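Residue numbers count from 1 along this sequence. None of the values given here were measured: they were computed from a predicted structure.
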Amino acid sequence: GLLAAALIWKFYVNKPHDDIEKASPAYSLATEQIWKEFTTDSQKSSSLYNNKVIELTGNVSRINVGDSLVSVVFDMEVDSMFGNKSISCEMLQKYNNEAKALATGSQVKIKGFCTGYDETDIKLNKCSIVK
């Protein structure tokens, strides 16, 4: 029993995570294109993009900086009542300084793992800046 538990831990629970930074993107899109697709047909878009590595190109709206978390944000719709609707890209820690240095309005290409759309934001995590 202990041997089986140890093997399950080693090969299943403790398996290495996918290297999103080095993975080839399944899709390369402009931020406007993916936004239009998700807001037009979120179910179809979710089946296409969720849990996939995607590469987005767009103009930076703002950089959100937390304690150890930096997100590059592309504002897509202004909503004064509930805040802007956006695409939020949570950066890998090694890209935090590079993300903080991005100027508002500058064009950038970001690759990350799409985790979905919540009717307000499209979210990507484990993101890197593509050179």
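For the pair F38 and S46, the minimum side-chain heavy-atom distance is below 4.5 Å. Put simply, the side chain of T31 does not reach to within 4.5 Å of the side chain of T57, judged on heavy atoms. At least one side-chain heavy atom of Y117 sits less than 4.5 Å from a side-chain heavy atom of T39. At a threshold of 4.5 Å between non-hydrogen side-chain atoms, the residues P25 and I54 do not count as touching.
Evaluation of the salt bridge (Lys or Arg N to Asp or Glu O under 4.0 Å) test over residues 112-125, restricted to residues two or more places apart or in two chains, returns D121-K123. Within the structure, the salt bridge (Lys or Arg N to Asp or Glu O under 4.0 Å) test picks out the following pairs touching residues 89-98 (sequence neighbours left out): E21-K94, E98-K131.
With sequence neighbours excluded, no residue forms a side chain to side chain donor-acceptor pair (under 3.5 Å) with Q43. Evaluation of the side chain to side chain donor-acceptor pair (under 3.5 Å) rule for E55 yields S28 as partners, not counting sequence neighbours. Checked against side chain to side chain donor-acceptor pair (under 3.5 Å), Q107 has no partners two or more places apart in sequence or in another chain.
Taken together through direct or relayed side-chain contacts under 4.5 Å among Ile, Leu, Val, Met, Phe, Trp and Tyr, V53 and I34 form parts of separate hydrophobic clusters. Linking ILVMFWY side-chain heavy atoms closer than 4.5 Å, directly or via other members, places W35 and V60 in a single hydrophobic cluster. Put simply, I129 and I87 are part of the same group of oily side chains (I, L, V, M, F, W, Y) that touch within less than 4.5 Å, one to the next.
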Side chain to side chain contact (heavy atoms under 4.5 Å, CB included) between N59 and V108, intermediate numbers included:
CA-CA 6 Å; N59 295 324; V108 67; over 6 Å; no
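Remark: side-chain polar atoms of T40 are paired, donor with acceptor, to backbone N or O of K36 under 3.5 angstrom. Here the side chain of S47 pairs a donor or acceptor atom with the backbone of K44 at under 3.5 angstrom. Although no hydrogens or angles enter the test, the distance criterion places a donor-acceptor pair under 3.5 Å between the side chain of S106 and the main chain of A103. Distance alone, capped at 3.5 Å, places no donor-acceptor pair between the K126 side chain and the K111 backbone.
Atoms SG and CG, from C127 and L56 in turn, are 8.0 Å apart once rounded to the nearest 0.5 Å. With rounding to the nearest 0.5 Å, the separation of OG in S128 from CD1 in I20 is 9.0 Å. Atom CG of N125 and atom CE of M91 lie 11.5 Å apart (nearest 0.5 Å). To the nearest 0.5 Å, the span separating SG on C114 from CD1 on I122 amounts to 7.0 Å.
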With a cut-off of 3.5 Å and sequence neighbours excluded, list every side-chain donor-acceptor pair involving residues 62-76.
from, atom 1, to, atom 2, distance (Å)
R62, NE, D75, OD1, 3.4
R62, NE, D75, OD2, 3.3
R62, NH1, N64, OD1, 3.4
R62, NH2, D75, OD1, 2.9
D75, OD2, N84, ND2, 3.2

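The shortest heavy-atom contact between L92 and N96 is O-OD1, 3.5 Å.
Residue Q93 places its CD atom among 12 or fewer non-hydrogen atoms of other residues, nucleotides or ligands, all under 6.0 Å distant.
The aromatic rings of Y49 and Y27 sit perpendicular to each other, their planes meeting at more than 60°, with 30° as the lower class boundary.
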